[in-house]
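One structure is given here, and the rest of the page talks about it.
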Amino acid sequence: MHLNSNSSCGCGKSDSDKSTPAAALTLAIATVPMQPWEQPYEPAAALQHGTIFPCLDLPFYVTGGGK
């Protein structure tokens, strides 16, 4: 396998081959809804439910959904 000696990523392109400046690219924008504070589960209950917050204690369906 021959790699371009000018390439820092191993893709075979040199840094001068870039047509779009990296500063102009937006890779992702994360949005996270606010979670209201609520009284957490007691430690033993939290371990049993897999979360300390009751509002995050949601059903888990192994088959991808159902009742």
* Is the number of heavy atoms from other residues, nucleotides or ligands under 6.0 Å of E42 CD greater than 12? ->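 No - once you tally the heavy atoms of other residues, nucleotides and ligands closer than 6.0 Å, there are 12 at most.
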* Asked: Hey, what do you get for OH (Y41) to CG (L47), rounding to the nearest 0.5 Å?
  ->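 Between atom OH of Y41 and atom CG of L47 there are 12.5 Å.
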* **Atom pair NE2 (H49) and CG (L58), whose distance is rounded to the nearest 0.5 Å** =>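 Going from NE2 on H49 over to CG on L58, the span is 12.0 Å.
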* Heavy-atom donor-acceptor pair, E38 side chain to C55 backbone, under 3.5 Å ->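 Yes, the answer is positive, given that a donor and an acceptor are paired below the 3.5 Å cut-off.
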* Asked: Any idea which heavy atoms bring P40 and P54 closest together, and the distance?
  ->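 Taking every non-hydrogen atom into account, CA-CD, 4.3 Å.
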* To do: Say whether L56 and I52 are linked into one hydrophobic cluster, either directly or through other cluster members, by side-chain heavy-atom distances under 4.5 angstrom.
  =>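 As far as the 4.5 Å side-chain criterion goes, I52 and L56 are connected within one cluster.
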